[in-house]
Amino acid sequence: MAVWIQAQQLQGDALHQMQALYGQHFPIEVRHYLSQWIESQAWDSIDLDNPQENIKATQLLEGLVQELQKKAEHQVGEDGFLLKIKLGHYATQLQNTYDRCPMELVRCIRHILYNEQRLVREANNGTSPVGSLADTMSQKHLQINQTFEELRLVTQDTENELKKLQQTQEYFIIQYQESLRIQAQFAQLAQLNPQERLSRETALQQKQVSLEAWLQREAQTLQQYRVVSGIRVLSSQALRCTSQGARGSRERARARKRAGPSRAGGQIVLSRGGHVGRAGWEEGKAWAWGLVPGPQPCLPRPAVGRVLPTCLQELAEKHQKTLQLLRKQQTIILDDELIQWKRRQQLAGNGGPPEGSLDVLQSWCEKLAEIIWQNRQQIRRAEHLCQQLPIPGPVEEMLAEVNATITDIISALVTSTFIIEKQPPQVLKTQTKFAATVRLLVGGKLNVHMNPPQVKATIISEQQAKSLLKNENTRNDYSGEILNNCCVMEYHQATGTLSAHFRNMSLKRIKRSDRRGAESVTEEKFTILFESQFSVGGNELVFQVKTLSLPVVVIVHGSQDNNATATVLWDNAFAEPGRVPFAVPDKVLWPQLCEALNMKFKAEVQSNRGLTKENLVFLAQKLFNSSSSHLEDYNGMSVSWSQFNRENLPGRNYTFWQWFDGVMEVLKKHLKPHWNDGAILGFVNKQQAHDLLINKPDGTFLLRFSDSEIGGITIAWKFDSQERMFWNLMPFTTRDFSIRSLADRLGDLNYLIYVFPDRPKDEVYSKYYTPVPCEPATAKAVDGYVKPQIKQVVPEFVNASADSAGASATYMDQAPSPAVCPQAHYNMYPQNPDPVLDNDGDFDLDDTMDVARRVEELLGRPMDSQWIPHAQS
């Protein structure tokens with residue numbers, strides 16, 4: 001079923017998420033009316049980091065616009081008139097928006113399609129049986145989303161509390177100013193004559209009574225904020241004011257009765273005089289909160305002086321609880337989900353499944369950033385309220401502590417979400433162009449793109465990486481020079497991503513460190529350090545962010561690639577999260593290595609046919625020099641790095657990895673279809689091959705990987721003659737197959753009849769034979785040249801089989817096969833660069849010694865005397 005049809009059936013939050021994918025950058029109407037066309041295009045086939053793919057992106061944009069215009073033209077009638085105008089408008093809009101940047105259209109639609117598929121998949125998984133992995137992931141994601149909803153509600157609650165507190169404090173200040181004004185008026189009554197003073201005093205007293213009644217009611221309303229346990233609040237005090245005029249004893253008694261007991265060391269008063277200016281307010285605050293003693297009685301305000309600090313303290317405690325929940329949620333996202341994504345990215349370097357999109361992680365990180373920032377702003381407003389009206393007690397300390405905590409939380413979020421989306425190559429050759437992509441997951445939400453930061457890439461050694469993580473000073477301490485190593489982060493509005501794409505970096509030179517013991521240059525690890533600096537909140541917070549790439553091994557010559565790949569494979573497979581750069585165990589269990597080898601094998605050969613149990617037994621026998629044929633016997637055995645790729649196999653001059661890598665190389669380049677067809681048995685030794693063939697009819701053969709030749713594959717077949725029963729052809733290598741394919745070579749040898757165990761050869765290989773041109777036997781030479789033909793012959797077997805059968809060899813009856821390359825190729829093999837000099841022409845002793853050792857190994861390899869030489873005629 002089409003994705004769009006399923007997407008229209010989404011409900012609730014999933015539907016809102018789907019709708020949020022669309023906007024001015026890509027209208028949802030376009031998705032609806034062109035759904036079939038959009039889903040049929042190969043959006044994922046375009047490499048967004050390759051400028052040469054811009055042509056394909058332009059073609060897709062033109063196709064989209066044309067489809068919209070066609071759709072608009074087919075609209076008829078009254079109902080179709082408005083739709084015709086709207087679709088035409090969208091066609092023009094998309095053309096104008098993406099004409100200069102068609103890659104952004106591809107990025108946008110890929111983002112939309114990925115998220116639609118994710119939402120549909122999550123909706124479908126909700127009805128799948130409990131216990132499946134997809135359901136488990138869905139439940140985990142559901143829990144994360146539920147926590148976000150809880151955080152949103154708590155944050156909204158504290159926002160409402162803060163607004164209420166702010167209104168209460170502002171109104172208190174207004175009423176306080178009114179009380180000061182009444183005090184000043186009482187002080188002025190002494191200057192009036194008794195009759196006028198009495199009338200005004202009565203009016204003021206009535207106003208006081210009304211104010212007191214309001215304060216009492218307000219106090220009862222605000223009392224709900226009181227926190228019973230663990231709150232240090234001011235004692236219930238009376239706020240008193242001065243009256244210079246004549247007042248009856250009855251009014252004073254009433255005032256004292258309402259005021260209650262006074263604060264030890266002095267009474268709390270509003271003011272010492274009639275001045276109501278700024279100085280009086282500042283002075284009055286100190287008096288109002290009991291900071292200085294006051295000798296004069298005043299109007300009672302029993303609750304306001306304790307409710308405000310109680311409100312602030314309750315608010316601070318709510319923020320503390322919110323931060324605990326934030327920390328827990330952030331730990332799940334950064335320490336679990338993001339670390340798992342990075343681990344998948346690392347295993348992808350060994351051929352594991354793709355690490356997946358960062359869009360879900362980014363949406364979570366953006367929600368975290370939004371909630372953290374909202375809480376931080378609330379805390380700062382609460383601190384401002386404290387500064388506006390100083391309150392004795394633990395409130396200010398609590399708010400300062402909460403502010404420091406939330407600043408730490410957002411710092412951890414920002415620094416942890418500065419990640420490498422596309423890793424640089426882990427085997428890095430000098431003077432060779434390479435690319436990488438760095439992304440800030442919270443960049444869009446924190447508006448970092450308003451002042452786009454620059455990212456710088458440098459290469460550092462393993463020891464420098466350790467010092468960096470210890471916060472030791474490593475400024476300007478690099479291990480090489482990278483060209484084009486600075487890039488400004490770009491914001492892609494359609495996808496909401498902020499990233500820096502390094503497209504043309506090149507390692508100009510490398511500075512190697514002293515090596516330990518038998519360590520070679522291909523075991524030395526480096527890393528690419530990406531660093532940047534930016535501010536958020538109007539320079540309120542400044543962040544210096546750094547991230548390290550996966551370890552890279554630097555080579556200067558292609559002959560070093562094999563051993564460098566071994567170092568990378570071992571590191572990617574067995575590195576542990578949170579390790580010290582770039583520590584890996586020296587020994588691992590054999591089943592762990594089997595998993596890594598199988599993953600690498602399937603990725604390199606690009607085949608679903610991985611290593612079988614029998615294949616793994618063969619590899620274990622080869623590595624451990626054992627004869628046991630039971631895989632379980634090897635499960636408890638350990639493999640060291642030295643066994644893997646430092647020490648030669650017994651009786652050979654190459655390591656286990658070098659042999660295994662040679663197998664992958666020849667399969668990948670020349671034999672992949674035959675391996676996928678099951679036509680290559682491969683992982684058997686010579687004796688095992690003979691045991692398999694002993695009961696088979698003559699002409700049965702199998703293909704196995706050579707024990708003596710790296711990247712070699714040999715043919716073993718049964719043909720009972722006076723000389724021998726089993727025949728083994730000298731191994732073919734990549735060079736041989738570049739001249740004539742395996743299928744054609746097997747076709748030339750017509751005495752090879754059955755592919756083990758009993759499949760007719762032509763049934764298996766005929767579809768891979770090179771077609772024989774239909775030319776008359778008397779075809780004339782062209783320009784005086786006679787066209788040659790290449791054919792596989794085995795002279796020794798022909799003579800032996802002729803003696804045994806008493807007849808001439810039947811292989812001579814086979815029709816001639818054409819040459820593989822009809823045109824002349826005078827430079828069939830590329831000339832190797834000088835292995836003694838690096839690309840700058842400088843002499844490099846370390847690398848030269850590696851090449852020399854490699855040549856010495858090749859020259860010292862023994863020749864198996866049992867091989868039958870083959871020839872090409």
Side-chain angles (χ1 to χ4, degrees), residues 1-48 53-99 101-128 134 138 141 354 356-360 362-363 492-497:
M1 185 184 296
V3 176
W4 181 243
I5 296 176
Q6 299 179 71
Q8 293 177 74
Q9 299 173 4
L10 295 173
Q11 297 179 355
D13 184 59
L15 180 60
H16 293 310
Q17 290 185 46
M18 188 269 289
Q19 292 172 341
L21 297 172
Y22 298 95
Q24 292 293 325
H25 58 280
F26 197 81
I28 195 171
E29 292 87 347
V30 177
R31 176 70 174 100
H32 179 73
Y33 288 104
L34 298 185
S35 59
Q36 186 174 356
W37 183 89
I38 290 174
E39 293 179 28
S40 65
Q41 304 306 307
W43 304 101
D44 290 332
S45 66
I46 296 180
D47 183 2
L48 297 175
E53 300 278 271
N54 201 67
I55 299 176
K56 295 182 181 178
T58 303
Q59 293 173 348
L60 285 173
L61 171 60
E62 293 173 351
L64 179 67
V65 172
Q66 290 174 4
E67 290 295 322
L68 270 176
Q69 291 172 344
K70 289 180 183 177
K71 198 72 175 179
E73 291 173 359
H74 286 82
Q75 304 303 316
V76 295
E78 295 182 1
D79 296 336
F81 176 73
L82 292 178
L83 182 58
K84 179 178 182 179
I85 295 177
K86 182 177 285 189
L87 293 178
H89 169 72
Y90 289 148
T92 304
Q93 175 184 319
L94 291 173
Q95 181 72 46
N96 295 336
T97 302
Y98 297 108
D99 187 43
C101 51
M103 286 289 202
E104 288 305 307
L105 174 68
V106 177
R107 191 190 306 273
C108 170
I109 296 181
R110 280 169 61 168
H111 172 76
I112 290 173
L113 292 177
Y114 171 81
N115 280 279
E116 284 182 352
Q117 292 168 359
R118 175 181 61 82
L119 291 171
V120 169
R121 186 169 58 251
E122 290 176 356
N124 293 336
N125 286 341
T127 59
S128 63
S138 179
H141 291 182
S357 172
L358 282 167
D359 293 339
V360 174
Q362 175 164 317
S363 67
H492 307 281
Q493 188 170 1
T495 58
T497 59

Y33 atom OH: more than 12 heavy-atom contacts under 6.0 Å: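 Check fails, neighbour count at 12 or below.
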More than 12 heavy atoms from other groups under 6.0 Å of CD on Q36: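 Atom CD in Q36 is not packed in, count stays at 12 or less.
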Among residues at least two apart in sequence or on other chains, which ones pass side-chain contact (heavy atoms from CB on, under 4.5 Å) with [X]?
X	value
Q19	L15, H16
Q59	I55
H89	Q93
Q69	V65, A91

Which atom pair, heavy atoms only, marks the closest approach of [X] to [Y]?
X	Y	result
L10	A123	CD2-CB, 3.8 Å
G63	W37	C-CZ2, 3.6 Å
P102	T58	CG-OG1, 3.4 Å

State the [atom1]-[atom2] distance between [X] and [Y], to the nearest 0.5 angstrom.
X	Y	atom1	atom2	answer
Q8	S35	CD	OG	7.5 Å
L83	Y90	CG	OH	9.5 Å
L34	E39	CG	CD	11.0 Å
L87	L82	CG	CG	11.0 Å

Non-hydrogen side-chain atoms of [X] and [Y] separated by less than 4.5 Å:
X	Y	answer
L113	R31	yes
R118	Q17	yes
L64	F26	yes
V30	L68	yes
I38	I112	no

Quick one: side chain to side chain donor-acceptor pair (under 3.5 Å) partners of [X], sequence neighbours excluded?
X	result
W4	H32
Q493	none
E73	none
Q362	E366, R439

Can I get a per-line list of side-chain donor-acceptor pairs under 3.5 Å for residues 104-111, giving both atom names and the distance, sequence neighbours left out?
from: E104; atom 1: OE1; to: H492; atom 2: ND1; distance (Å): 3.0
from: E104; atom 1: OE2; to: R107; atom 2: NE; distance (Å): 3.4
from: E104; atom 1: OE2; to: H492; atom 2: ND1; distance (Å): 2.9
from: R110; atom 1: NH1; to: I46; atom 2: O; distance (Å): 2.7
from: H111; atom 1: ND1; to: N115; atom 2: ND2; distance (Å): 3.3
from: H111; atom 1: ND1; to: D359; atom 2: OD2; distance (Å): 3.1

Listed partners of K56 passing salt bridge (Lys or Arg N to Asp or Glu O under 4.0 Å), at least two apart: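 Partners of K56 under the salt bridge (Lys or Arg N to Asp or Glu O under 4.0 Å) test: E53.
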Side-chain (Q41) to main-chain (L60) donor-acceptor, under 3.5 angstrom: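 Judged by distance alone, no pair lies under 3.5 Å.
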Y98 side chain to H25 backbone, donor-acceptor under 3.5 Å: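 Yes; judged by distance alone, with no hydrogens or angles, the pair exists.
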Sidechain N-carboxylate O distance under 4.0 Å for E67, K71: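 No, no charged N to carboxylate O under 4.0 Å.
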